[in-house]
There are 2 protein chains.
Amino acid sequence: MAHSHEVPSDLTRNQGLVLGALNHSEGPLSAYDILDKLRGDGLRAPLQVYRALDKLVERGLAHRLESLNAFVACADEHCHRKGLIAFAICEGCGKVDEFADAVIEERLGDWAKAKGFKVERTTMEIRGKCETCALAA
Amino acid sequence: MAHSHEVPSDLTRNQGLVLGALNHSEGPLSAYDILDKLRGDGLRAPLQVYRALDKLVERGLAHRLESLNAFVACADEHCHRKGLIAFAICEGCGKVDEFADAVIEERLGDWAKAKGFKVERTTMEIRGKCETCALAA
DNA sequence: CTCAATACGTTATAGCATAACATCGCCGCA
DNA sequence: TGCGGCGATGTTATGCTATAACGTATTGAG
């Protein structure tokens, strides 16, 4: 079944709808997937979805998967995640596993420091097959 | 000035043209950027560029930057890179720095092993400001 | 109340990527 | 030589992803 996060109460209507759609989905959704799910709730234009997604991503309630041009709800119930987040995306079933790794984060930080590079955000995405799908293949 | 890689001789005409365009560019190029640069050489349709890019990426002669929907030539002169590659992308000047880190690779490998996840490819992209642009800001 | 800031709604358009189909050229081999 | 397969190519059409530009509505601070 899908996630069952609580939706923060200070979201706007559209933000709440979009986050709800993400929470109830098994896997990542494109902005247009979301739009289709929410037409019944009065959403009509891509921009309504993109604007809500921008805010949600900004607040860390949702994440953008760059390699998929799609979005997922943050897997962390109360969104305590601060640092770098990595995603493992299964090409078989589409499920996404979200995790953090302090060593990797530190390592990237070291590299950046050595180069004088000022990091603003990092995307890390692993594509492959989850255990279930790998065994089924 | 731009890179000065040699172009492998077994590339097809279109592949050679596309790789040449990437090699002569200071920064990442979208497929349509490439197309525009190569109209004078007879290329007319996006698909011609995308097909060449697919092959080049497959062979490791070029890389796709997911967070930019753009492509760069591989920075390694003779394309000896085997493992995971990371990219630092400057939002100021657009330059891309390509690097590898064995520790990160090992760390991801450990995670995957523990989860039974079969990795097919990984994208790691840092967005931020390079030293020059950070100081200028 | 008034202003500023933010969200919202709508239309149009820009930018990225692939489907589908026909052709061509090269190479191995009967 | 000539057949046959395969991969690259060319072309048109189309689909998916994302934002520009405009105006209205709502909210909250002073």
Side-chain angles (χ1 to χ4, degrees), chain A residues 7-22 25 27-59 61-72 89 91 94 96 121 123 125 127, chain B residues 7-22 25 27-59 61-72 89 91 94 96 121 123 125 127:
Chain A
V7 171
S9 56
D10 63 333
L11 294 179
T12 66
R13 168 179 161 80
N14 288 358
Q15 290 164 20
L17 287 169
V18 168
L19 184 54
L22 289 175
S25 167
L29 296 176
S30 76
Y32 282 77
D33 291 338
I34 295 170
L35 178 56
D36 287 340
K37 283 178 181 284
L38 296 178
R39 285 194 196 281
D41 297 288
L43 267 68
R44 262 163 264 198
L47 211 45
Q48 298 175 286
V49 175
Y50 279 108
R51 289 201 272 230
L53 284 169
D54 282 348
K55 295 299 179 192
L56 294 172
V57 169
E58 203 175 293
R59 292 182 52 169
L61 296 168
H63 303 293
R64 175 188 177 84
L65 301 174
E66 300 284 359
S67 68
L68 242 38
N69 293 323
F71 301 82
V72 288
I89 302 165
E91 315 251 321
V96 175
R121 74 201 150 85
T123 76
E125 300 176 17
R127 307 291 294 265
Chain B
V7 171
S9 55
D10 62 334
L11 294 178
T12 66
R13 168 179 161 80
N14 288 358
Q15 290 163 20
L17 287 169
V18 169
L19 184 54
L22 289 175
S25 167
L29 297 176
S30 76
Y32 282 74
D33 290 339
I34 296 170
L35 178 57
D36 287 340
K37 282 178 181 285
L38 296 178
R39 285 194 195 280
D41 297 289
L43 267 68
R44 261 163 264 195
L47 213 45
Q48 297 175 287
V49 174
Y50 280 108
R51 289 202 274 232
L53 284 168
D54 282 347
K55 296 300 177 190
L56 294 172
V57 168
E58 202 175 294
R59 291 182 53 170
L61 295 168
H63 303 292
R64 176 187 177 85
L65 301 173
E66 300 284 0
S67 67
L68 243 41
N69 292 325
F71 302 82
V72 288
I89 302 165
E91 316 250 323
V96 175
R121 76 202 151 81
T123 76
E125 299 175 19
R127 308 290 295 265

Check nucleotides 16-18 of chain D for protein N or O atoms closer than 3.5 Å to its own N or O atoms and list the pairs.
from    : atom 1 : to     : atom 2 : distance (Å)
dT17(D) : OP2    : S30(A) : OG     : 3.4
dA18(D) : OP1    : R64(A) : NH1    : 3.2
dA18(D) : OP1    : R64(A) : NH2    : 2.1
dA18(D) : OP1    : N69(A) : OD1    : 3.4
dA18(D) : OP2    : Y50(A) : OH     : 3.0
dA18(D) : O5'    : Y50(A) : OH     : 3.4
dA18(D) : N7     : Y32(A) : OH     : 2.8
dA18(D) : N6     : Y32(A) : OH     : 3.4

Let me check something: any side-chain donor-acceptor pairs from residues 40-48 of chain A under 3.5 Å, sequence neighbours excluded? List them with distances.
from   : atom 1 : to     : atom 2 : distance (Å)
Q48(A) : OE1    : R44(A) : N      : 2.7
Q48(A) : OE1    : A45(A) : N      : 2.8

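Counting heavy atoms from C-beta outward, L56(A) and L11(A) have side chains that approach closer than 4.5 Å. In this structure the side chain of L61(B) never reaches within 4.5 angstrom of the side chain of Q15(B), judged on heavy atoms. When side chains are defined from C-beta on, V72(A) does not count as touching R64(A), because their heavy atoms never get closer than 4.5 Å.
I89(B) and L68(B) make their closest contact through CG2-CD2, 3.9 Å (heavy atoms, listed as atom of the first residue, atom of the second, distance).
If you measure from atom CZ of R51(A) to atom P of dT24(D), you get 15 Å, rounded to the nearest angstrom. L65(B) has its CG atom 13 Å from the P atom of dC16(C), to the nearest Å. In this structure, L53(B) atom CG and dT9(D) atom C1' are separated by 15 Å, rounded to whole Å. Put simply, CD on Q48(B) is 12 Å from C1' on dT12(D), counting in whole angstrom units. Atom CG in L11(A) sits roughly 11 Å away from atom P in dA7(C) (whole-Å rounding). Between the P atom of dA12(C) and the CZ atom of R44(A) lies a distance of 15 Å, rounded to the nearest Å. Separating the CG atom of L56(A) from the P atom of dT6(C) is a distance of 17 Å, rounded to the nearest angstrom. Here dT10(C) presents its C1' atom at 12 Å from CG of L43(A), a figure rounded to the nearest Å.
Comparing L47(A) and G42(B) along DNA chain D, the residue whose closest nucleotide (by nearest heavy atom) sits nearer the 5' end is G42(B).
Atom CG of L19(A) sits about 12.5 Å away from atom CG of N14(A), to the nearest 0.5 Å. The structure places OH of Y50(A) at 9.0 Å from CD1 of I34(A), a figure rounded to the nearest 0.5 Å.
Looking only at distances, a side-chain donor or acceptor of D33(B) sits under 3.5 Å from a matching main-chain atom of S30(B).
Of the residues in residues 12-20 of chain B, none has a non-hydrogen atom less than 4.0 angstrom from any atom of DNA chain C.
With hydrogens and angles left out, the side-chain atoms of T123(B) and E66(B) include no donor and acceptor closer than 3.5 Å.
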